[in-house]
Amino acid sequence: MHRKHIILAILVTAIWGINFPITKLGLARIDPLLLTAIRFSFTAFPLVFFIKRPQVALRWLVAYGLIFGAAMWALINLGISMGVPPGSAALLIQFSAFFTLGWGVLLFRESLTWPQLIGLFLAAIGLVCILMESPGKSTTIGFILVMISAVAWSVGNIIIKLSKVKEIFAFVVWASIFSPIPLLVMTWWWHGTAPFYALLPGMRSVEVFSLTFQVYAATHFCYWGWNLLLREYPASRVAPLSLLIPVFGTISSVFIIHQKPGAWGWASIAIILLALIVGMRRGKAVVVKKGMAHRTKKHASL
């Protein structure tokens with residue numbers, strides 16, 4: 001990688017990691033579903049008036065908007081609001097890599113390798129370590145919601161693959177149109193009008209900064225930067241860089257919200273990062289769906 005691209009990669013993963021504790025700052029006074037709705041409203045508007053719609057069917061835009069906004073980030077925000085440490089949320093969302101592997105086997109008749117199976121086993125141990133540190137039932141439910149959000153992210157990856165979209169940044173902007181309304185309806189359905197009346201009185205400079213960072217740094221800039229890297233280099237060289245996200249998320253949480261992992265937390269970070277590193281290694285295929293018309297190529301990366 002060129003030096004400028006290495007710097008860009010570190011900056012993108014750092015912003016994505018820092019976004020988790022900064023999101024928690026916004027959740028202090030804003031309902032998690034309402035915060036998500038506002039984020040994706042500004043992700044879509046006004047850029048949709050200036051960016052050409054990507055050349056994909058409308059159904060893919062709707063599906064991704066609902067999965068990425070109304071499912072994935074709504075669940076992450078709910079989980080963090082229930083007490084899930086932002087660093088742990090940044091770590092758990094990496095499980096999407098393993099869920100994506102599962103979808104590949106089920107939908108595309110892809111193969112699993114020995115390193116991927118070992119990575120799955122280690123990831124399960126890491127998840128147990130995270131749950132061991134859970135202080136209560138509410139936080140445990142929050143962990144489950146974040147895990148479901150990882151499933152949603154993996155489904156979003158499959159949608160992008162099936163849609164064969166090339167303009168990913170435009171795709172995210174246009175898909176975000178379909179996120180806010182379901183989120184606003186769910187906010188009203190579960191909490192009534194209270195979150196809406198409390199929005200403006202609770203909108204201080206910290207909340208404005210949190211939303212601005214989520215929209216323009218973590219979404220617009222990072223998606224542009226990440227997709228630039230994917231365009232310039234093989235995915236197998238870019239994907240492992242995502243392992244930096246939970247590292248930045250955990251470290252920044254210590255300074256931004258003064259939240260430091262305990263012994264089980266550090267153990268889970270080490271084990272899950274090891275699981276992801278092992279899972280990205282090449283290896284012999286051991287799980288192949290029978291009845292394939294053609295043998296699939298071995299997949300080295302998550």
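Computed from a predicted structure; not experimentally measured.
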Between Ile76 and Ser149 the two heavy atoms that sit nearest each other are CG1-OG, 3.3 Å
Between Phe255 and Ile251, does the side-chain contact (heavy atoms from CB on, under 4.5 Å) criterion hold? Intermediate values first, please.
CA-CA 7 Å; Phe255 296 99; Ile251 294 174; 3.8 Å; yes
Do Ile80 and Pro32 come within less than 4.5 Å of each other through their side chains, counting heavy atoms only?
no
Residues Leu34 and Pro195: closest non-hydrogen pair is CD2-O, 3.5 Å
Among Ile93, Thr250, Leu91, Val84, exactly one meets side chain to side chain contact (heavy atoms under 4.5 Å, CB included) together with Phe20. Which residue is that?
Ile93
Verify the cluster assignment for Phe50 and Phe221: are they in a single hydrophobic cluster under the rule of side-chain heavy atoms below 4.5 Å apart?
yes
Establish whether Ile30 and Phe209 are linked, either directly or via other cluster members, by ILVMFWY side-chain heavy-atom contacts under 4.5 Å.
yes
Distance in Å, Ile144 CD1 paired with Leu75 CG, rounded so as to fall on 0.5 Å steps
12.0 Å
ILVMFWY network linking Met82 to Trp190, side-chain heavy atoms under 4.5 angstrom:
yes
List the steps and the verdict of side-chain contact (heavy atoms from CB on, under 4.5 Å) for His5 and Leu229.
CA-CA 7 Å; His5 290 145; Leu229 294 172; 3.9 Å; yes
Going only through I, L, V, M, F, W and Y residues with side-chain contacts under 4.5 Å, is there a path from Ile256 to Val208?
yes
Listed once per pair and sorted, the side chain to side chain donor-acceptor pair (under 3.5 Å) pairs that draw on residues 49-77, sequence neighbours left out:
Thr36-Asn77
Between Tyr223 and Trp226, is the gap from one ring center to the other below 6.0 Å?
no
Only distances under 3.5 Å count here; give the side-chain donor-acceptor pairs of residues 168-179 to other protein atoms, sequence neighbours excluded, each with its distance to 0.1 Å.
residue : atom : partner : partner atom : Å
Trp174  : NE1  : Ile51   : O            : 3.0
Ser176  : OG   : Val172  : O            : 2.7
Ser179  : OG   : Gly65   : O            : 2.6

Just wondering, do Asn19 and Gln214 contact through their side chains at under 4.5 Å, heavy atoms?
yes
Take atom CZ of Phe45 as the centre, draw a 6.0 Å sphere, and report whether it contains more than 12 heavy atoms from other residues, nucleotides or ligands.
yes
Measure the CG-CG distance between Leu61 and Leu58 for me, rounded to the nearest 0.5 Å.
6.0 Å
Under the side chain to side chain donor-acceptor pair (under 3.5 Å) test, which residues partner Thr219, sequence neighbours left out?
Arg39
Can you see which heavy atom on Gly79 is nearest to which on Leu145, and at what distance?
N-CD1, 4.4 Å
For Lys24 and Pro86, work out which heavy atoms get closest and say how close.
CD-CG, 3.8 Å
Ring pair (Phe, Tyr, Trp, His ring centres under 6.0 Å) partners for His191, two or more places apart
none
Looking only at heavy atoms, what is the nearest atom pair of Ser163 and Val56, with distance?
O-CG1, 3.8 Å
Testing the basics here: between Phe143 and Ser88, what is the closest heavy-atom pair and its distance to 0.1 Å?
CE2-CB, 3.9 Å
Which pairs would a plain distance check flag for residues 9-17, meaning a side-chain donor or acceptor within less than 3.5 Å of a matching protein atom at least two apart in sequence or in another chain?
residue : atom : partner : partner atom : Å
Thr13   : OG1  : Ala9    : O            : 3.0
Thr13   : OG1  : Ile10   : O            : 3.1
Trp16   : NE1  : Ala218  : O            : 2.7

Phe68-Phe40 aromatic ring centre distance below 6.0 Å:
yes
Count the heavy atoms belonging to other residues, nucleotides or ligands that lie under 6.0 Å from CZ of Phe196, then report whether that count exceeds 12.
yes
Under a 4.5 Å side-chain heavy-atom rule over Ile, Leu, Val, Met, Phe, Trp and Tyr, are Ile22 and Tyr216 clustered together?
yes
So, the side chain of Ser210 versus the backbone of Glu207: is there a donor-acceptor pair under 3.5 Å, distance only?
no
Answer whether the closest heavy-atom distance between the side chains of Leu199 and Met203 falls below 4.5 Å.
yes
Pairing residues for Arg29 by the side chain to side chain donor-acceptor pair (under 3.5 Å) criterion, not counting sequence neighbours:
none
